[in-house]
Structure formats: structure tokens, C-alpha cells
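This report refers to the structure that appears directly beneath it.
Positions are given from 1, in the same order as the sequence printed here. Order of appearance sets the numbers: ligands from 1, and atoms from 1 within every ligand.
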Amino acid sequence: MNSRADQLKVFFLPFLVSGHMIPMVDLARLFAMHGVNVTIINTPANALLFQKAIDRDANSGHQIKTHILEFPSAQVGLPEGIENFNMITSHGMSHKLHYALSLLQKPIEQLFQEMTPDCIITDMFYPWTVDSAAKLGIPRLVFHTAGYFSQCAASSIKQHAPHLSVNSNADTFLLPDLPDTIEMTTLQLPRWVRTQDGYAQLMDRIRESERQSYGAVVNSFHELESAYEDHYTSITGIKAWSVGPVSLCVNRDAADKVERGNKVAPDEHEWLNWLNSKECNSVLYVSFGSLNKFSTAQLIELAHGLDASSHQFIWVLRQKDKDQDEGWLEDFEKHIKESNRGLIIRDWAPQLLILEHPAIGGLVTHCGWNSILEGVTAGLPMITWPLYAEQFYNEKFVTQVIKIGVSVGVTEWRQWDEEAREVVKREEIEKAVIFLMGSGVQAAEMKNRARELRNAAKRAIQNSGSSQSNLMSLIKELKSLKCGRS
Ligand code: UDP
């Protein structure tokens, strides 16, 4: 056990969106489970989403707490309680949220000065924490909520700009200097790569701050991305610790798994009863993460594609999608209920619990990194349907590097809060579902590879597994830095 004097005090600073907060809170809980004194900085409405898990950990003796900062709702003109990107409904609100984040910088810096942590582990979206840590003479670690591959792919494009030497946005080009042969098109690249706007400048600052950091903590594991782990450290020049999958490390019982970062729909047992009545590997899980926005035309195509495949499915539909309902959805839901072929979950599903159910045989994913890791952890093959952020890079990783997925064929990147111009046709969806859920040789090989990766993930987080060892050596290193300062 640590004595209080040499106990390491680490502050965690998550970005205010589910896909970043969920793994950061998991990481913070993981540190606390290993004897670190942990403080998570959050705002009132966001803190509430995780409080039960934090309280459970604290009650079982771990040194973990949330430090709640007042959210400047009135100052930025946001309604009370709207404190993250999942809650907003317009571009205007998004700007106000960014403004609120900039106003939080001062109180956070003040908190660092007053509480003198031994280390700051921060989301990449707070590049200014490099200076905060330098002022205090402590290490700043950036936590990558996405894996190595996407960082390496983005860096290849930034350095070599291969998209500037093709004739059209739809022509493919090679990503130079990567361990595998990966091709993309300009249309699949994030807007900030193609346009020098304010966001592009922020991404440059983020990249600079990463390279000025003591190191990176990455939600990945060595056996999944070893070649890219090495590549990342060689291109950034900083150390990296793969400590994931963090969700697998800390969410060990149903109470943890059921409510991660949001409230599940009240009919939570319906899905379980339904899945319990199904054969092993017979149901496809369809979800596009926490931020997706689809046109009615796309939702209709998806419904028809799933229906035409004749396979069984659980489809997580966001409330915002339902607002566009023109009656067809009720008819569709009635139809799938009558035939006992599918189930729709509104808004927020207990994804970890569903994915590990033996009836689930695959997933359709928007290629958010958390969902990919959770699919890998459950040993599931995937249909990839990337939308925004680094998801097109992640698709390449799933389909061409670890080869556990098939692409539905989306061609164009879009902003997270915009509907796509492109509509994926029902025939493409049907084809991908029949391929993945069917009994062909290629699909069977994908399933085998997915199961091998699941076993590797489980080994990585066990005692003396790669992620566990990395975490222990990181904590040891941070302790010796602390000793060196005192
Ligand atoms: N998630 C969930 N239920 C939902 C939707 C999302 O539990 O209905 C969780 C999911 O398990 C994952 C996170 O939210 O941990 C979403 O992160 P991801 O990187 O997959 O996508 P993002 O939402 O950031 O685009």
C-alpha cells in the first residue's frame, strides 16, 4: 500500500463529449484501482453521468473523486444542463459550447495551481495544458481516445499531402510511410485536412502540444496495433503506453456496463429477454455511436436493407432520428415485432452488455474507436459505416489491417453534426449483412480473427499482460518523477 506522502496524485481532464468522456473516466478509474489518488475534473451535468460508478469505486476504498466546476451556461447563452456535444441541437450551440470550454481554462488552471497534482492526463482538445504542466514542473500526458493507426494515417497525410497529387476527389492515393499499404480518397479525409480553417489550426496546435508532452496514454493494446505503436513513437518522438481496452479493464459487472455515460431506456430488460430467446451468433447489432445524424431517406434505406437481408438485428435509433419520423418507422417497427426479426432501442443502448451477449454475431459500426474496441473485445466481426472525425481511417484499420470487417461502401466524410449528402442504398446494406452474418469462407475467417483478437485483449489486461504491464510501468515512472521533484 502507498503511504499518503508518496501517493501519486493525478488529475484527469476529459473533453465534453461521450466518446471522449467514457474512456477517460474508465482510465481514471483504472488508475485509482492501482492505488493512485485520482481527481476527474468535470462540470455538473457531465459529472452526474458517471457519479454512480465513481461512488461505487470510492466506497470500495479507491481514492477517486470528481471535482466539479461551475458551467458558465448564462455567460455563453446555453440552457442550464446543456454541457456536452451530445446534448446540443444546432451549430450555434456548438459554438457556445466551445466558448464555454475556453472560459473553463482559467478555473482549471487555478485548480491545478491550488491542488498541485503530480501529473495531468488530458484529452487532446486541451493543448494549453502543456503550459499548465510546465508551470508546475509536472508531466503532461495526452490520452488518445482513438488508436495509433488513425494518428499515424493522419500524420502521413499531414506530412506528405498525397491527396494534392490526384486529379479528382474520388481518385485513390497511397498513404506514404505506413507499415501497410493503405489507399484512400480525398473525399474520405476530414474537412480540416482539406481546408485551412480555424479547426485545422486547432488540430495543428493539438499536434504540437502532443509532441511537447511527456508522453501519450493510448486506449489500445500492443497485440492489436504493434506496428503502429512503434510507428507512432517514431513519428512523434514521445513515449506511448498502450493500456487498453480500458472498458474491459474496469467495467467488470453489470452495474458498470449498463449505464456508461448515459441513461438507458426504461424498457432495458426487453432487449435481454429478446436476445435470450435467440440462437448464438444470430443477431446483428446496429449502432452509429453517440452523435450520428441521418436523413429520413437514409434511415428508410437502412430499414429496408436490414429487412431484405432476412437476418435478425437490434438497431439503436437516436431520438433525434425519430423526430424525422413520418409514420414509416412505426410501420417498420410493427412489422419487425410481428415477425420477431428485430428490435429497436431508442436513444441509448447498454452497448457493452449487448455486445457480449452470445446471441450477437456481428455489428454495424460507424467506426468510432470505442465501438471498434468494444466489438474487438466481444470477438465480433463488423460492417463498417464511417461518418466523421477519424472514422474513415479506423475503417481502413478494421477492413485492411486487422481484417475483421467489411465496408458498406460509404465514400464521403462529413461533419459530425451534419447529415450526409450520400445515401447508402438498401442493396449495399443487404449485401454486407448477408456477407457478414452468412456462412461463407471469408466471413468465417473474419470471425476467427475477431475471436483471436478478443482472446488477445483479455490476455493484455490480465496480470503481466501487455496493457497491465504498461500501466504498472507508467505508474512507476510517474512515481519516480514525483520523487525526483521532492
Ligand atoms: N454507447 C453506448 N450506447 C449507445 C451509444 C454509444 O453505450 O447507445 C457508447 C459506446 O459503447 C462507446 C461510446 O458510447 O463506448 C461511443 O464512442 P465511439 O467512439 O464508438 O463513438 P462516438 O460516439 O464518439 O462517435
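- Less than 4.0 angstrom separates some heavy atom of Gln391 from each of these atoms of ligand 1: 25 (O).
- We find the OG1-CD1 distance between Thr122 and Ile108 to be 8.5 Å, quoted to the nearest 0.5 Å.
- Just one of Glu223, Glu229, His222, Arg459 meets the side-chain hydrogen bond (donor to acceptor under 3.5 Å, both in side chains) condition when paired with Ser466; it is Glu223.
- Contact atoms of ligand 1 toward Val316: 8 (O) (distance under 4.0 Å to a heavy atom of the residue).
- Checking side-chain atoms of Trp369 against main-chain N and O of Asn219 turns up a donor-acceptor pair under 3.5 Å.
- Listed by number with element, the atoms of ligand 1 under 4.0 angstrom from any heavy atom of Trp369 are 19 (O).
- Note on ring orientation: taking the six-membered ring where Trp is involved, the planes of Tyr228 and Phe149 are perpendicular (angle over 60°, cut-offs 30° and 60°).
- Nearest heavy-atom pair, Pro381 versus Met446, reported as atom, atom and distance to 0.1 Å: CB-CB, 4.3 Å.
- Using a 4.0 Å cut-off between heavy atoms, Trp416 makes no contact with ligand 1 at all.
- Within ligand 1, counting atoms from 1 as listed, the ones closer than 4.0 Å to a heavy atom of Gly19 are 17 (O), 24 (O).
- For atom 23 (O) of ligand 1, the closest non-hydrogen atom of the protein is Ser290 OG, 2.4 Å.
- Aromatic ring orientation, Phe85 versus His98: tilted (interplanar angle from 30° to 60°).
- In Trp348, the parts holding a heavy atom less than 4.0 Å from any atom of ligand 1 are both the side chain and the backbone.
- Between Ala349 and ligand 1, a contact under 3.5 Å exists for at least one N or O pair.
- Considering backbone and side-chain atoms together, Ser287 places no N or O closer than 3.5 Å to any N or O of ligand 1.
- Going from atom OG1 of Thr145 over to atom CE of Met24 covers 8.0 Å, rounded to the nearest 0.5 Å.
- The shortest N or O to N or O distance between Glu374 and ligand 1 is below 3.5 Å.
- The protein non-hydrogen atom at the shortest distance from atom 20 (O) of ligand 1 is Ser371 OG, 2.5 Å.
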